[in-house]
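The structure appears right after this line, and notes come after that.
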2 protein chains.
Amino acid sequence: MLEPLESLSMTDRVENILREYFEQNAFKPGDSLPNEMEMAKKLNVSRNVVREALSRLRMLGMIETRPRKGMIMSQPDLLTGMEKVLNPFILGTENLKNIFELRLILEMGIAEFLFARKTEKDIEELEAIVSLQSNDFEATKEEEIAFHGKLYEMTGNDTFKRFQILLMPVFNHVFTDYYKEKVHVEISKPVTHRDLLEVMRNGTSFEFREAMFKHLEPYYATSLKKR
Amino acid sequence: MLEPLESLSMTDRVENILREYFEQNAFKPGDSLPNEMEMAKKLNVSRNVVREALSRLRMLGMIETRPRKGMIMSQPDLLTGMEKVLNPFILGTENLKNIFELRLILEMGIAEFLFARKTEKDIEELEAIVSLQSNDFEATKEEEIAFHGKLYEMTGNDTFKRFQILLMPVFNHVFTDYYKEKVHVEISKPVTHRDLLEVMRNGTSFEFREAMFKHLEPYYATSLKKR
DNA sequence: TAATTTCATTTGTAGGACAAATGTAATAAT
DNA sequence: ATTATTACATTTGTCCTACAAATGAAATTA
């Protein structure tokens, strides 16, 4: 098999060189960077090429630039790069399936943090959310988002929370697709939001994990049957 | 509080416009795009601006361009954007902590997929990995990677697998930091890799989840104590 | 010493130029 | 008439020049 030889453009190469440069020299947020012309001279490329590379890094939030002042390192956000790409039309089916599963994995993994960080106020808020549901056995999409969203919040992990919220549209997209295919899918949930809340009040993280699994079981069935 | 009003550059705006344009018109991988000059004309900006925006999308893998032929939509990779930003020096402590926890969450969430998709061959490979360990109670970093890496592989979810592997260096970075701070941290693992393997052979996914939690407990302790 | 003005610097944007590659159209050869 | 060769038009990648706007610093004035 012939290797897909990589013919990187100058811009690609400069982008890589800059990222390496920042890493090697342990650049930290706030550190100021050399100006564009200097970079172009040093690298022996045009300012255009340097600017295209910098533009990429700027998009990712790695650098910031106050016009006519200079460029400084900045704190990138882990997820912006991902966010921009989350478009169900261009993401492949394989990717979509993977994301669907990824979300199930995440939901199952948070029990410990929930129990370690839950407060009385959190429980009360959950109670309010659950009380608003008209039907215990079938939550609307909004109610699902409210309940599970609150759980993400309770983990106290902002990255996780944003991550989950980003994934949600994709999750719904995939699930709706599956749902359409089948004539009749069994979405009866043996464990309801109220049940989960009850376990959170009086149970253990162990019990909560099992309850959450039962709550998500229809989705798991959907996903695991698919391969 | 005054809002940090957003003064977007032309490039930023064109980037957003293009992404919206692709989404609104349901562009799919393979679809060919108008050329740079046409875009510039339509948007009434210079080719430079268009090129900077396109360069960003190209980096994310949303578009591809075969020189002198034209540009086409392409299948972006969910994680490339994230990968480029994963630099412990510029990621803030808060981000690093969050990633550390995220990895714990992921490890706890995979049990169901493991049990649904494990094969005899997988078990054998795990057995081989565990057998190579010199000390059951304290795995080296390489042994940890081999064992857990095999688990990620067994989930059959490539995105998840890559995600975990991306997160690993950060995980180690954070844990090493914590470790240095404490005079003596108790890293005795009551549940070893061999124990996990045993549960995978003869146990249930329920039991596996609990075993995994005990296996990861020292890390959880590290993380939960920190807030 | 304080207030104002001027200046130099640096990014953002525009626009022109040209090489290289590639598919296509036009031409030549059998 | 069909095939092979050649020329051409198109489009991206790269370089270059130019200039406005903003900003901090320097210089000037009050």
Side-chain angles (χ1 to χ4, degrees), chain A residues 2-19 21-22 27 29-76 80, chain B residues 2-19 21-22 27 29-76 80:
Chain A
L2 294 178
E3 290 190 10
L5 62 91
E6 42 177 312
S7 79
L8 296 181
S9 69
M10 282 299 157
T11 302
D12 291 332
R13 287 167 62 188
V14 171
E15 184 213 321
N16 290 333
I17 287 173
L18 286 179
R19 280 215 319 285
Y21 173 71
F22 296 154
F27 270 80
D31 292 356
S32 69
L33 307 177
N35 67 41
E36 297 175 352
M37 251 328 205
E38 197 174 327
M39 290 182 180
K41 280 259 169 61
K42 284 250 172 67
L43 296 170
N44 197 33
V45 293
S46 76
R47 188 157 86 102
N48 277 6
V49 168
V50 172
R51 275 190 64 83
E52 283 196 21
L54 289 172
S55 183
R56 295 175 175 187
L57 302 184
R58 203 172 306 125
M59 173 186 61
L60 295 177
M62 285 185 74
I63 65 178
E64 237 173 275
T65 153
R66 298 210 252 321
R68 295 105 217 175
K69 229 188 113 186
M71 298 183 305
I72 57 171
M73 267 325 225
S74 134
Q75 284 224 1
T80 37
Chain B
L2 295 177
E3 290 192 7
L5 65 89
E6 41 177 312
S7 80
L8 296 181
S9 69
M10 283 298 159
T11 302
D12 290 332
R13 287 165 63 188
V14 171
E15 185 212 318
N16 291 334
I17 287 173
L18 287 178
R19 279 213 321 281
Y21 173 70
F22 296 153
F27 270 81
D31 294 355
S32 69
L33 306 177
N35 66 42
E36 296 174 352
M37 249 334 205
E38 197 173 327
M39 291 182 178
K41 280 258 169 59
K42 285 249 171 67
L43 295 170
N44 197 34
V45 292
S46 75
R47 190 157 83 101
N48 278 351
V49 168
V50 173
R51 275 190 64 82
E52 284 194 20
L54 288 172
S55 183
R56 294 176 175 186
L57 302 184
R58 203 172 306 129
M59 173 185 63
L60 295 177
M62 285 186 76
I63 65 179
E64 240 172 274
T65 156
R66 300 211 248 326
R68 292 105 219 173
K69 224 188 117 185
M71 296 183 306
I72 57 172
M73 267 326 226
S74 130
Q75 286 225 0
T80 37

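All values below come from the heavy atoms of this structure, side chains included, with hydrogens, waters and symmetry mates left out. So you know, we letter chains A, B, ... as the sequences are listed, proteins then strands, and number each from 1.
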Does a side-chain N or O from [X] land closer than 4.0 Å to OP1 or OP2 of [N], or not?
| X | N | value |
| --- | --- | --- |
| B:R58 | D:dG13 | yes |
| A:S9 | D:dT12 | no |
| B:T11 | C:dT13 | yes |

So if I take every side-chain heavy atom of [X] and compare against [options], which nucleotide ends up nearest?
| X | options | result |
| --- | --- | --- |
| A:S46 | D:dG13, C:dA14, D:dC15 | D:dC15 |
| B:V45 | D:dT14, C:dA14, C:dT11 | C:dA14 |
| A:M10 | D:dG13, D:dT14, D:dA18 | D:dT14 |

Just the rounded figure in Å: distance from [atom2] of [N] to [atom1] of [X].
| X | N | atom1 | atom2 | value |
| --- | --- | --- | --- | --- |
| B:I63 | D:dT12 | CD1 | P | 10 Å |
| A:R47 | D:dA18 | CZ | P | 13 Å |
| B:E15 | C:dG12 | CD | P | 14 Å |
| B:M71 | C:dT22 | CE | C1' | 16 Å |
| B:E52 | D:dG13 | CD | C1' | 14 Å |
| B:L54 | D:dT11 | CG | C1' | 13 Å |
| A:E38 | C:dT9 | CD | C1' | 13 Å |

Point to revise | Lys/Arg-Asp/Glu bridge criterion (N-O < 4.0 Å) met for B:K42, B:E38 | key: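 Yes, charged N to carboxylate O under 4.0 Å.
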Review point. 5'-most contact on DNA chain D: A:D12 or A:M37, nearest heavy atom basis?
Key: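 Residue closer to the 5' terminus by nearest nucleotide: A:D12.
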Review point. Reckon A:N35 touches a base, only the sugar-phosphate, or nothing at all at heavy-atom distances under 4.0 Å?
Key: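 Sugar-phosphate: the residue A:N35, judged by heavy atoms under 4.0 Å, touches backbone atoms but no base.
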Review point. Can you check whether B:S55's main-chain N or O pairs, donor with acceptor, with A:R56's side chain at less than 3.5 Å?
Key: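 Pair found, side chain donor or acceptor close to backbone of B:S55.
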Review point. Taking atom types as they are modelled, is there a donor-acceptor pair under 3.5 Å from the base of C:dT10 to the side chain of A:R51?
Key: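 Flag unset: no donor-acceptor pair detected.
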Review point. Is there a donor on the side chain of B:N48 or the base of C:dG15 sitting less than 3.5 Å from an acceptor on the other?
Key: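 Per atom types, the contact qualifies.
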Check your understanding: Going by heavy atoms in the side chains, are A:M62 and A:R19 under 4.5 Å from each other?
Key ->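 They are in contact (side-chain heavy atoms under 4.5 Å apart), so the answer is yes.
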Check your understanding: Do the non-hydrogen side-chain atoms of A:L43 and A:R13 ever get within less than 4.5 Å of each other?
Key ->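 Side-chain contact under 4.5 Å: no.
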